[in-house]
Amino acid sequence: MMNIVFSTTRQWNPGDEFILMGTEYLLSKVVGKYNPIIFNRNPQIRRARKYDFIKAVDNALGKDFAEKFLDNSVKERLPMDYADMAVFAGSPEWRGIRTRKLYESIREYKIPTVFLGLGTSGPFEYNAEQFSEDERYAFDNAKLITCRDEVCHAALAPIGAHYLPCPALFSSPTFRQVKQVKKIGILYGTNSAVACNNVSDDTYQFMMRNYKAMIEQLSADYEIEFVAHYIDELSDFKKDFPGHTLRYSFDAKDYRDIFSEYDLMVGYRVHGIGMCASQGTPGVMIAHDPRASTVKGFLADMVTLDASTDEFMAVVRSAIENVEQRSQALIEHRQATEAKYLELLKTALA
């Protein structure tokens, strides 16, 4: 049975795990059963220190002495000679310091690679200045590369990359057509969470202003609940929206059940919108950084931070009124995209 190593994070950002779920869904249809192994980029486990004196000590000793690696994932020192394939499952951090060990092993053991749904937060060029030798080896010999945004695709198109939606579009194996809106989900976030799981002050103020408008204008006709992805958000929510319901789980797979209860999703988390899209549920994205363009692949509306509350509510109301058509379009989009992915994967892995 194949041993497939996935580059992802565990217990850090559920969005990364949503991407992984979709990637596994696609691969299982092509390769059948396999052993899933993760290269865990959780920053608590793989620290991106520019000058890592602790690791230098361990490297000098040839063993994990100062900082032992205990996570049940690919380790820094043990060989990756067991890997039959390495799959980069779409998170923007698909190269750099935290992935160095993975790229070194890919080159050392000539491990076939697949890159699915790569995205970027800014322009880059595929060259020796911006990519290491090990990274270029993996890309130059990749079986398949797909990109989820236009900027990333423009940079990697010269080496054969395809432009397709993020695999989070398949994070739920089941979907349904939404006929009408009865229950609305809102993705909550705060500016006081840790870096990379927080939002800017401007984004936070935008959400507070417009989420309160949604409650005021829509709660008489629709049930409204909030959803949090990260534990830092739980305490602030009690202060911001006392008496309202917030859904959260430590296990990313639980969000399949959580999101399945909503008929429309509104919020700033790209892959929360993505998992809902995989279930046939339309979304309204608060586009607070360049990565928001990913939701084009989820057919979501986008509202920028310069929108007024009236403009924001007009978008939400339009989504409610047109939910049946939009849900049907999402289901057809998912099916067509899956067919494209499977055709590419079958050819690449033949």
Side-chain angles (χ1 to χ4, degrees), residues 2 4-8 15-16 18-31 34 84-96 99 102-103 106 111-127 130-131 135-173 270-271 273-275 277-278 285 290-300 302 329-350:
M2 290 183 69
I4 300 181
V5 175
F6 296 91
S7 174
T8 186
D16 289 351
F18 298 168
I19 301 168
L20 177 61
M21 292 176 203
T23 302
E24 289 188 283
Y25 170 87
L26 292 171
L27 278 176
S28 66
K29 287 182 171 289
V30 177
V31 303
Y34 59 87
D84 298 306
M85 188 189 304
V87 178
F88 290 75
S91 166
E93 193 180 32
W94 39 266
R95 60 192 175 110
T99 58
L102 182 53
Y103 279 104
I106 288 168
I111 300 169
T113 54
V114 171
F115 296 86
L116 297 184
L118 301 187
T120 182
S121 56
F124 66 93
E125 293 183 10
Y126 182 69
N127 56 36
Q130 297 187 33
F131 285 72
E135 290 168 349
R136 294 198 312 279
Y137 173 86
F139 275 90
D140 290 342
N141 293 281
K143 297 288 188 181
L144 177 63
I145 304 169
T146 74
C147 301
R148 70 191 195 202
D149 63 61
E150 294 167 340
V151 176
C152 189
H153 179 246
L156 297 178
I159 55 172
H162 302 263
Y163 183 35
L164 284 171
C166 177
L169 186 59
F170 312 103
S171 52
S172 173
V270 168
H271 292 101
I273 298 292
M275 178 173 276
S278 76
M285 175 70 188
R291 290 175 295 176
S293 63
T294 295
V295 301
K296 292 179 182 178
F298 306 143
L299 304 189
M302 283 198 288
L330 261 177
I331 292 170
E332 293 172 2
H333 173 64
R334 172 185 166 137
Q335 292 171 331
T337 304
E338 179 176 337
K340 291 176 184 176
Y341 260 115
L342 294 181
E343 181 182 2
L344 288 170
L345 282 167
K346 287 174 182 176
T347 300
L349 303 182

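These numbers come from the heavy atoms of this one structure, side chains and all, not from hydrogens, waters or symmetry mates.
In this structure, Leu342 and Leu26 have side chains that are in contact, with non-hydrogen atoms separated by less than 4.5 Å. Lys143 is not listed as a side-chain neighbour of Leu345, based on a closest heavy-atom distance of 4.5 Å or more. The shortest distance between side-chain heavy atoms of Leu144 and His162 falls below 4.5 Å. Under the 4.5 Å side-chain criterion, counting only non-hydrogen atoms from C-beta, Tyr341 is in contact with Pro167. You'll find the side chain of Phe170 stays beyond 4.5 Å of the side chain of Thr23, heavy atoms only. Looking only at side-chain heavy atoms (C-beta outward), Phe6 and Glu24 come within less than 4.5 Å of each other. Inter-residue side-chain proximity for Leu27 and Leu349 is flagged as met; some heavy-atom pair is nearer than 4.5 Å.
Glu93 and Thr99 make their closest contact through O-CG2, 4.0 Å (heavy atoms, listed as atom of the first residue, atom of the second, distance). Annotation for Ala168 and His271: closest pair CB-CD2, 3.6 Å, computed over non-hydrogen atoms. Taking each heavy atom of Pro123 and Val151 in turn, the nearest pair found is CA-CG1, 3.7 Å. The minimum heavy-atom distance linking Val270 with Ala292 is given by the pair CG2-CA, 4.1 Å. Between Ile4 and Val87, the shortest heavy-atom contact is CG2-CG2, 3.6 Å. Counting all heavy atoms, side chain and backbone alike, Leu169 lies closest to Gly297 at CD2-O, 4.1 Å.
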(Q) Could you walk me through whether Phe124 and Leu156 satisfy the side chain to side chain contact (heavy atoms under 4.5 Å, CB included) test, starting with their C-alpha distance in whole Å, then the side-chain angles of each, then the deciding distance to 0.1 Å, before giving a yes or no? (A) CA-CA 9 Å; Phe124 66 93; Leu156 297 178; 4.0 Å; yes
- Please step through ring pair (Phe, Tyr, Trp, His ring centres under 6.0 Å) for the pair His153 and Tyr163, ending with a clear verdict. CA-CA 6 Å; His153 179 246; Tyr163 183 35; 5.6 Å; yes
Practice item. Give the intermediate values and the outcome of side chain to side chain contact (heavy atoms under 4.5 Å, CB included) for residues His333 and Phe298. Key: CA-CA 8 Å; His333 173 64; Phe298 306 143; over 6 Å; no
Is there a side chain to side chain contact (heavy atoms under 4.5 Å, CB included) between Leu344 and Leu164? Walk through the geometry before answering.
CA-CA 11 Å; Leu344 288 170; Leu164 284 171; 3.6 Å; yes
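Ring-centre distance between Trp94 and Tyr103: not below the 6.0 Å cut-off.
Expressed to the nearest 0.5 Å, how far OG of Ser293 lies from CG of Asp149 amounts to 4.5 Å. Atom OG1 of Thr294 and atom CD1 of Ile19 lie 8.0 Å apart (nearest 0.5 Å). Between atom SG of residue Cys166 and atom NZ of residue Lys296 there is a gap of 15.0 Å, rounded to the nearest 0.5 Å.
No donor-acceptor contact under 3.5 angstrom links the side chains of Tyr25 and Ser278, judged on distance only.
Side-chain N or O atoms of Arg148 include none that pairs as donor or acceptor with a backbone N or O of Val295 at under 3.5 Å. Judged by distance alone, the side chain of Asn141 and the main-chain N or O of Thr113 form no donor-acceptor pair under 3.5 Å. Side chain of Glu135 to main chain of Gly96: a donor-acceptor pair is present (N/O by atom type, distance under 3.5 Å, no hydrogens or angles). A distance-only check finds a donor-acceptor pair linking the side chain of Thr146 to the backbone of Gly117 [under 3.5 Å].
The environment of CD in Gln130 is crowded: more than 12 heavy-atom neighbours from other residues, nucleotides or ligands sit within 6.0 Å.
Under the 30°/60° scheme for interplanar angles, the aromatic rings of Phe115 and Phe88 are found to lie parallel.
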